[in-house]
Amino acid sequence: MNDNSRIYIGTAFIAGALLTLGFKDLLYPELEQRLREYRARRHAQSTSDLDDLPADVLVARPGPPRIVEGIEGCIGNTPLFRIKSLSEATGCEILGKAEFLNGAGQSSKDRVALSMIELAEERGILTPHSGDTIYEGTSGSTGISLATLARAKGYLAHICLPSDQAIEKSNLLLKLGAIVDRVPPAPIVEKENFVNRARALANVHTATSTTKPDLEPLMPDPPESSGPKAGRGFFADQFENEANWRAHFDGTGPELYAQCNGYIDAFVAGAGTGGTISGVALYLKPRIPNLSVVLADPQGSGLYNRVRYGVMFDLKEREGTRRRRQVDTIVEGIGINRVTANFEAGKELVDDAIRVTDAQALAMARWLVEKDGIFLGSSSAVNCFAAVKTAMRLGPGHRIVTVLSDSGSRHLSRFWAKAGDVGGAVDTKLADVLNAEDDQ
């Protein structure tokens with residue numbers, strides 16, 4: 001090859017490279033953008049027809065999280081993930097909303113606690129760093145969220161919870177700086193009930209405070225006071241406070257809608273206060289008219305019959321069969337024998353209910369660890385069991401969303417003590433979970 005040929009080839013190579021770079025600078029961004037748009041259209045078509053939806057209804061944020069203000073900024077926008085074992089076993093897509101990844105109290109109650117505090121602040125009932133104390137009656141998770149956020153926002157917390165709840169809950173509350181009353185279980189109609197005690201303590205605090213706004217009248221025979229107190233007492237009242245269901249209407253519901261691109265066949269959730277199922281249903285139903293909202297209810301709760309038959313009744317409550325004075329189940333956080341204001345807000349949108357026994361909840365919790373490495377609390381196990389039953393009713397090809405409320409780490413001494421260790425090489429069948437029965 002002569003020198004002229006080498007020069008010609010070298011020049012051609014350089015020119016080609018420059019031309020390629022030029023086209024890349026000019027055309028590549030447009031081609032890349034078109035490819036992204038094409039993929040987005042394909043994804044939208046594969047999930048739901050979004051042509052008639054306004055652009056601003058999809059609010060899921062891509063990319064890494066932004067910097068937020070304080071621990072309260074870590075609440076919400078939790079992941080939604082496919083529960084692989086249950087999806088593969090049913091032929092449906094069963095998705096779990098990972099509420100145990102909320103950043104304050106690590107449960108879905110973070111949303112509720114923050115909403116109740118912010119509403120009280122807006123109304124001038126709570127003032128940060130004034131000595132105000134937040135009182136609440138809770139089975140644990142709401143108290144943990146309130147205790148965490150109280151410290152973060154300049155309040156104290158006084159939590160009343162039933163004495164039969166897992167001891168690690170009250171231990172955690174103490175570590176968070178809350179005052180804790182473990183109250184013997186009692187019906188809501190009795191003043192010794194944990195909710196009524198929290199209300200009474202809040203009233204006494206306000207009545208004996210050095211600043212005494214008339215928030216609400218005192219209950220008869222309130223607990224004795226130790227003397228004047230700083231600040232005021234605020235009874236959060238999660239069962240009746242509308243800030244509860246609104247937290248899920250403003251947060252959980254829109255997040256699910258965005259994460260699923262508007263395509264959900266069924267939403268499954270339990271009800272303790274009723275705020276989650278009502279708030280999510282109130283947001284999703286008008287946007288997804290064919291959505292089926294299903295209540296997951298543990299044994300001993302009356303809500304199953306309330307949804308199915310319009311009557312608040314459970315076999316565990318028959319005369320002569322009641323073994324304790326509240327809901328007779330090892331499941332904590334859901335199940336109740338009255339209709340709260342929060343459940344009432346959305347109960348007409350609840351289409352069906354599924355009863356889950358303790359044995360079925362325990363079997364489902366073990367299954368999720370064995371098959372997926374997912375370690376959940378008792379109410380989440382109930383939700384997952386009801387999601388499977390819903391999937392089997394709808395048939396393959398549907399999408400079912402449920403709520404994974406909290407981790408199993410705060411259920412070790414009761415629920416997981418009963419569930420036992422999962423063990424090594426096991427091969428549980430889904431039929432074993434569905435047909436689980438209590439030990440006789």
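Being a predicted model, the structure only gives us computed values, none of them experimental. For reference, positions follow the sequence shown, starting with 1.
In this structure, the separation between SG on C92 and CE on M392 is 10.0 Å, given to the nearest 0.5 Å. The distance from the CD1 atom of I134 to the NZ atom of K153 is 9.0 Å, given to the nearest 0.5 Å. Separation of atoms CG (L149) and CG (D110) is listed at 6.0 Å; rounding is to 0.5 Å. Atom CZ of R82 sits about 4.5 Å away from atom OG of S87, to the nearest 0.5 Å. From C74, atom SG reaches atom CD of Q106 across 10.0 Å, with rounding to the nearest 0.5 Å. Within the model, atoms CD1 of I288 and OH of Y257 stand 6.0 Å from one another, a figure rounded to the nearest 0.5 Å.
Here the side chain of R182 pairs a donor or acceptor atom with the backbone of Q165 at under 3.5 angstrom. A distance-only check finds a donor-acceptor pair linking the side chain of E168 to the backbone of S413 [under 3.5 Å]. A distance-only check finds a donor-acceptor pair linking the side chain of T206 to the backbone of G233 [under 3.5 Å]. Using a distance-only test at 3.5 Å, with no hydrogens or angles considered, no donor-acceptor pair links the side chain of N241 to the main chain of D237. Side chain of D181 to main chain of V183: no donor-acceptor pair is present (N/O by atom type, distance under 3.5 Å, no hydrogens or angles). Between the S209 side chain and the H205 main chain, no donor and acceptor come within less than 3.5 Å of each other. E136 contributes no side-chain N or O that, together with a main-chain N or O of G143, makes up a donor-acceptor pair within less than 3.5 Å. A distance-only check finds a donor-acceptor pair linking the side chain of S170 to the backbone of I167 [under 3.5 Å]. In terms of modelled atom types and a separation under 3.5 Å, the side chain of N342 and the main chain of Q238 share a donor-acceptor contact. Remark: side-chain polar atoms of T208 are paired, donor with acceptor, to backbone N or O of V204 under 3.5 angstrom.
When all heavy atoms of G140 and L161 are compared, the closest pair comes out as CA-CD1, 4.5 Å. In terms of heavy-atom proximity, L146 sits nearest to A236 at CD1-CB, 4.1 Å. Considering all non-hydrogen atoms of both residues, L291 and F267 come closest at CD1-N, 3.8 Å. Closest of all the heavy-atom pairs between N383 and A269 is OD1-C, 3.6 Å. In terms of heavy-atom proximity, P298 sits nearest to I334 at CG-O, 3.7 Å.
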Next item on the list: Could you walk me through whether E93 and R399 pass the salt bridge (charged side-chain N to carboxylate O under 4.0 Å, His left out) test, one step at a time?
Entry: CA-CA 5 Å; E93 188 175 33; R399 174 180 281 175; 2.8 Å; yes
Margin query: As a quick check of understanding, evaluate salt bridge (charged side-chain N to carboxylate O under 4.0 Å, His left out) for R111 and E255, giving each step before the final call.
Written below: CA-CA 13 Å; R111 300 176 187 267; E255 289 171 28; 2.9 Å; yes
Note to self: Show, in sequence, the C-alpha distance, side-chain angles and deciding distance for K389 and V356, and conclude whether the side-chain contact (heavy atoms from CB on, under 4.5 Å) test is met.
What the structure shows: CA-CA 10 Å; K389 296 287 284 187; V356 183; over 6 Å; no
Next item on the list: Apply side-chain contact (heavy atoms from CB on, under 4.5 Å) to the pair L404 and F81, showing each step before the final yes or no.
Entry: CA-CA 10 Å; L404 309 180; F81 68 92; 3.4 Å; yes
Notebook entry, point to check: For D297 and S301, what are the C-alpha separation, side-chain angles and deciding distance, and is it a side-chain hydrogen bond (donor to acceptor under 3.5 Å, both in side chains)?
Noted result: CA-CA 7 Å; D297 210 34; S301 173; 2.9 Å; yes
Next item on the list: Please report the C-alpha distance between D351 and K285 in whole Å, then the side-chain angles of each, then the deciding distance to 0.1 Å, and finally whether the salt bridge (charged side-chain N to carboxylate O under 4.0 Å, His left out) criterion is met.
Entry: CA-CA 11 Å; D351 301 293; K285 273 279 195 173; 2.8 Å; yes
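Screening S107, S378, S141, S380 for a side-chain contact (heavy atoms from CB on, under 4.5 Å) with S405, the sole residue that qualifies is S380. Among T402, V268, L376, V331, the one residue that satisfies the side-chain contact (heavy atoms from CB on, under 4.5 Å) test with V382 is V331.
A donor-acceptor pair shorter than 3.5 Å can be found between the side chains of N102 and E99.
Relative orientation of the Y135 and H158 rings is parallel, given thresholds of 30° and 60° on the angle between their planes.
Using a 4.0 Å cut-off between charged nitrogen and carboxylate oxygen, E88 and K371 do not count as a salt-bridge pair.
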